[in-house]
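Beneath this line is the structure, given in structure tokens, with notes to follow.
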Amino acid sequence: MTQKQKRSFDDLENAETTQETDEKEERQLHYWLMKAEPDTRFVNGTDIAFDYEMLEELTKNGEYKAWGGVRNYEARNMIKSEMKLGDLVFFYYSNCKPPRIAGVMEICREAFPEANAFNKENPYYDPKSDPERPRWFSIGVKAKFKLKREIPLHELRMYSNNQLANMESLKRSRLSVSRVSPREWQFILDLAEQASPDATSFYIKKRRKLEEHLKDVHP
DNA sequence: GCCAACGTTGGC
DNA sequence: GCCAACGTTGGC
């Protein structure tokens, strides 16, 4: 690690939560993307699978789900200092086929110390985090709506030279929390309203075949 | 403080 | 299962 990198690492680790006072009212909504794995995978004996249906079930009566397990300082600092009540978040499925955006959730509790890190039985236990000086933070989220159509990663990449050229999650695929610009957010929501490009090309092919066939039958 | 070795993420 | 990318650790 270079000196410059080391400094930014310390900055990240020591960064404090920014103070928000009466400016809160004027703050614009911010948009985010957070990842979870929808398929069964055992970490220290615990299945860590989590998907949108589970989030809906857990939050249907106004409860929030503590979103945790983020073990990267840059991602943690977004959780700790930048995510605010009312912000909206894409729920992204990673480590599965295909990787994809499944739905939208809303921040309904701002950062608080992550309980998983204190619990020895938990797959996300971290002895370096204690309640006196918590190292890792959770954010409270609830299900907002499932996308009408899930958007797979390969489809997002179709726009990586134009509409989604700067999308953080595409450029830094290993970060489990990333920012989404308002434009990117709206673009992806619009995609979810349209037919899948796969389906479109499927029907185009089908129609061509039919036309070929008709040509043969009625030349 | 540098940097090699190691570990993790996550797409393919 | 492989491996690229990159974050983290630890010896010097």
Side-chain angles (χ1 to χ4, degrees), chain A residues 1-16 32-52 54-55 66-83 89-103 105 111 114 116-130 133-139 141 147 149-180 184 187-188 191-192 196-198 201:
Chain A
M1 190 182 286
T2 66
Q3 194 172 358
K4 197 175 167 190
Q5 283 170 328
K6 181 65 163 68
R7 197 179 308 121
S8 72
F9 177 80
D10 289 341
D11 290 348
L12 287 168
E13 175 152 21
N14 299 323
E16 291 299 326
W32 307 92
L33 178 148
M34 297 200 294
K35 302 178 180 180
E37 299 186 26
D39 297 341
T40 289
R41 184 165 73 90
F42 286 90
V43 177
N44 299 335
T46 306
D47 183 1
I48 58 150
F50 189 68
D51 64 19
Y52 200 83
M54 294 164 81
L55 179 70
W67 190 279
V70 173
R71 295 290 179 271
N72 167 287
Y73 287 114
E74 201 174 347
R76 180 207 65 177
N77 291 347
M78 289 188 251
I79 286 176
K80 190 180 168 191
S81 312
E82 296 182 38
M83 295 180 143
V89 187
F90 281 135
F91 189 146
Y92 179 93
Y93 290 170
S94 70
N95 214 355
C96 61
K97 286 180 184 173
R100 59 200 186 273
I101 297 174
M105 44 196 175
E114 188 192 306
N116 296 330
F118 308 142
N119 174 8
K120 282 198 169 115
E121 308 300 311
N122 194 283
Y124 299 109
Y125 173 64
D126 181 355
K128 291 178 190 149
S129 187
D130 69 86
R133 207 161 187 287
R135 174 174 295 211
W136 306 114
F137 290 79
S138 284
I139 196 97
V141 292
L147 291 189
R149 178 173 75 82
E150 295 181 333
I151 308 297
L153 177 60
H154 71 78
E155 187 175 344
L156 296 176
R157 288 204 200 285
M158 289 167 60
Y159 305 99
S160 62
N161 285 325
N162 30 63
Q163 291 95 333
L164 302 180
N166 296 312
M167 190 158 171
E168 202 174 14
S169 67
L170 298 183
K171 297 211 267 188
R172 305 187 55 201
S173 65
R174 286 161 24 103
L175 260 194
S176 64
V177 177
S178 61
R179 299 179 184 82
V180 177
E184 291 160 354
F187 180 74
I188 292 167
L191 282 184
S196 148
D198 295 340
S201 69

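Order of the sequence lines fixes the chain letters, A, B, ..., with proteins taken first and strands second; residue numbering starts at 1 for each chain.
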Practice item. Give the nucleotide from the list C/dT9, C/dT8, B/dG11 with an atom nearest to the side chain of A/Ser94. Key: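 Looking only at heavy atoms from C-beta outward on A/Ser94, the closest nucleotide is B/dG11.
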
Whole angstroms only, please: what is the [atom1]-[atom2] distance between [X] and [N]?
{"X": "A/Leu175", "N": "B/dT8", "atom1": "CG", "atom2": "C1'", "answer": "13 Å"}
{"X": "A/Leu156", "N": "B/dC12", "atom1": "CG", "atom2": "P", "answer": "11 Å"}
{"X": "A/Glu74", "N": "C/dA5", "atom1": "CD", "atom2": "P", "answer": "18 Å"}
{"X": "A/Asn72", "N": "C/dA5", "atom1": "CG", "atom2": "C1'", "answer": "13 Å"}
{"X": "A/Asn95", "N": "C/dA5", "atom1": "CG", "atom2": "C1'", "answer": "15 Å"}
{"X": "A/Leu170", "N": "B/dG10", "atom1": "CG", "atom2": "P", "answer": "14 Å"}
{"X": "A/Arg71", "N": "C/dT9", "atom1": "CZ", "atom2": "P", "answer": "13 Å"}
{"X": "A/Glu155", "N": "B/dG11", "atom1": "CD", "atom2": "P", "answer": "16 Å"}

Under 4.0 Å between a side-chain N/O of [X] and OP1 or OP2 of [N], yes or no?
{"X": "A/Arg172", "N": "B/dG10", "value": "no"}
{"X": "A/Lys128", "N": "C/dT8", "value": "no"}
{"X": "A/Tyr92", "N": "B/dG11", "value": "yes"}

Practice item. Select base, sugar-phosphate, or nothing to describe what A/Arg157 touches, counting heavy atoms under 4.0 Å on all strands. Key: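 Answer is sugar-phosphate: A/Arg157 comes under 4.0 Å of backbone atoms only.
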
Review point. When we call it a touch if two heavy atoms are under 4.0 Å apart, what does A/Lys35 touch: a base, just sugar-phosphate, or nothing?
Key: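 Here A/Lys35 touches the backbone only, sparing every base.
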
Practice item. Compare all side-chain heavy atoms of A/Ile101 with those of A/Leu156 and state whether any distance is below 4.5 angstrom. Key: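 Yes. Closest side-chain heavy atoms under 4.5 Å.
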
**Study point:** A/Phe137 vs A/Trp67 side-chain heavy atoms within contact, under 4.5 Å
**Key:**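 Counting from C-beta outward, A/Phe137 and A/Trp67 never come under 4.5 Å.
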
Point to revise | A/Phe91 ring center within less than 6.0 Å of A/Trp32 ring center | key: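 No, too far apart.
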
Practice item. Apply side-chain contact (heavy atoms from CB on, under 4.5 Å) to A/Met158 and A/Leu191, showing your working. Key: CA-CA 12 Å; A/Met158 289 167 60; A/Leu191 282 184; over 6 Å; no

Exercise for review: Return the 5'-most residue of the pair A/Arg41, A/Lys97 with respect to DNA chain B, ranking by each residue's nearest nucleotide.
Suggested key: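 Result of the comparison: A/Arg41.
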
Review point. Has the side chain of A/Arg174 got a donor or acceptor atom sitting under 3.5 Å from an opposite partner on the base of B/dT8?
Key: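 Indeed, a donor on one side and an acceptor on the other fall under 3.5 Å apart.
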
Review point. Would a distance-only check, ignoring hydrogens and angles, find a side-chain to backbone donor-acceptor pair under 3.5 Å from A/Lys80 to A/Trp136?
Key: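 Flag not set: sc A/Lys80 to bb A/Trp136 has no pair under 3.5 Å.
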
